[in-house]
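One structure is given below, encoded as structure tokens.
In listed order, ligands and their atoms are each counted from 1.
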Amino acid sequence: MKIAWGITGAGHFLRESVDLLKDLKQKNNHLKVTTFLSRAGEEVVRMYGLEDELKTISNGEYLEELFPESGQGASVPKAGRFLLHKYDFLIVTPATSNSVAKIAHGIADTLVTNAVAQAVKGSVPVYIVPVDIAGTIESQMPYFIDREICMKCEFCPPQEQCKKNAITDQVQLLECSGCGECVKLCSYGAIQGGMAKIKVRDVDSGNVQILNKLEGITVIDKPQSFPDSIL
Ligand SMILES: Cc1cc2nc3c(=O)[nH]c(=O)nc-3n(C[C@H](O)[C@H](O)[C@H](O)COP(=O)(O)O)c2cc1C
């Protein structure tokens, strides 16, 4: 079985999505997974320290490639694979409110939204796990420095030892690889990755409802709900 996996730039459900794909691969030795990573997805995956795990899921062989959007052209030629029926299905998890809005309104101008459009046009089933469905969600944040705890030490071990030079007076998230070493190195516990409460906007809930009615697309409420029977 060969599947395509679209990852967009959401921190919410990201860990769970990676775990789902790892689990599916463990259950099915012959499963091949091609990963399509949106531009924001590239950054967010790195911030949460999950880059290496993606490489264990998509190891670079044919139909097991990892396609970051930054390496693709605007016309996204690789999405043509859906029209050639190279994949049994496409799963997009996690799906940001941005990508959900685009898909709901027929927009296909990014790697992942175009993959969805081509999959539907090629009659390849699409499963989407939106992060913003309804109510309030609790989401893991990337690392940040708590200014109330930070002692502004003259010698700051996290800053000195960060391999990515990602620590100034803040954690520079675009440089951060999410390794978490800095958390251990600060004796005051000033570097953390806390939880944030996020209110789902009505417009985002509405877009999920639109998505629910679109041809060829099945909405799944969380990665853990993905039915094994599909494989
Ligand atoms: C650390 C981090 C976490 C984010 N998490 C989410 C999220 O959970 N849900 C969401 O809709 N957007 C989230 N975003 C914002 C998206 O990355 C942003 O809207 C981006 O434009 C989405 O592009 P894409 O849909 O093409 O991936 C997050 C951004 C950052 C920096």
What pairs of donor and acceptor atoms, side-chain ones from residues 63-70 against any protein atom, are under 3.5 angstrom apart with sequence neighbours left out?
from: E64; atom 1: OE2; to: K25; atom 2: NZ; distance (Å): 3.3
from: E65; atom 1: OE1; to: L63; atom 2: N; distance (Å): 2.9
from: E65; atom 1: OE1; to: R81; atom 2: NH1; distance (Å): 3.0
from: E65; atom 1: OE2; to: R81; atom 2: NH2; distance (Å): 2.8
from: E69; atom 1: OE1; to: R39; atom 2: N; distance (Å): 2.8
from: E69; atom 1: OE2; to: L111; atom 2: N; distance (Å): 3.0
from: S70; atom 1: OG; to: E42; atom 2: OE1; distance (Å): 2.8
from: S70; atom 1: OG; to: E42; atom 2: OE2; distance (Å): 3.1

Could you list the donor-acceptor pairs under 3.5 angstrom formed by side chains in residues 141-159, with sequence neighbours left out?
from: D146; atom 1: OD1; to: E148; atom 2: N; distance (Å): 2.9
from: Q159; atom 1: NE2; to: I167; atom 2: O; distance (Å): 3.3

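Ion pair K222/E16 not flagged as a salt bridge, since none of the NZ, NE, NH1 or NH2 atoms sits closer than 4.0 Å to an Asp/Glu carboxylate oxygen. Under the 4.0 Å criterion applied to side-chain N and carboxylate O atoms, R201 and D132 are not assigned as salt-bridge partners.
Atom CG in N165 sits 9.5 Å away from atom CD in E160 (nearest 0.5 Å).
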Dump all N/O pairs between ligand 1 and the protein below 3.5 Å as a table: atom names plus distance, one pair per row.
from: ligand 1; atom 1: 5 (N); to: G11; atom 2: N; distance (Å): 2.9
from: ligand 1; atom 1: 8 (O); to: G11; atom 2: N; distance (Å): 3.4
from: ligand 1; atom 1: 8 (O); to: H12; atom 2: N; distance (Å): 3.3
from: ligand 1; atom 1: 11 (O); to: S97; atom 2: N; distance (Å): 2.9
from: ligand 1; atom 1: 11 (O); to: S97; atom 2: OG; distance (Å): 3.1
from: ligand 1; atom 1: 14 (N); to: G9; atom 2: O; distance (Å): 3.1
from: ligand 1; atom 1: 17 (O); to: G9; atom 2: O; distance (Å): 2.6
from: ligand 1; atom 1: 23 (O); to: N98; atom 2: ND2; distance (Å): 3.3
from: ligand 1; atom 1: 25 (O); to: T96; atom 2: OG1; distance (Å): 2.6
from: ligand 1; atom 1: 25 (O); to: N98; atom 2: ND2; distance (Å): 2.9
from: ligand 1; atom 1: 25 (O); to: S99; atom 2: OG; distance (Å): 2.6
from: ligand 1; atom 1: 27 (O); to: G9; atom 2: N; distance (Å): 2.8
from: ligand 1; atom 1: 27 (O); to: S38; atom 2: OG; distance (Å): 2.6

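Residues passing the salt bridge (charged side-chain N to carboxylate O under 4.0 Å, His left out) test with K27 are D23, D228, sequence neighbours excluded.
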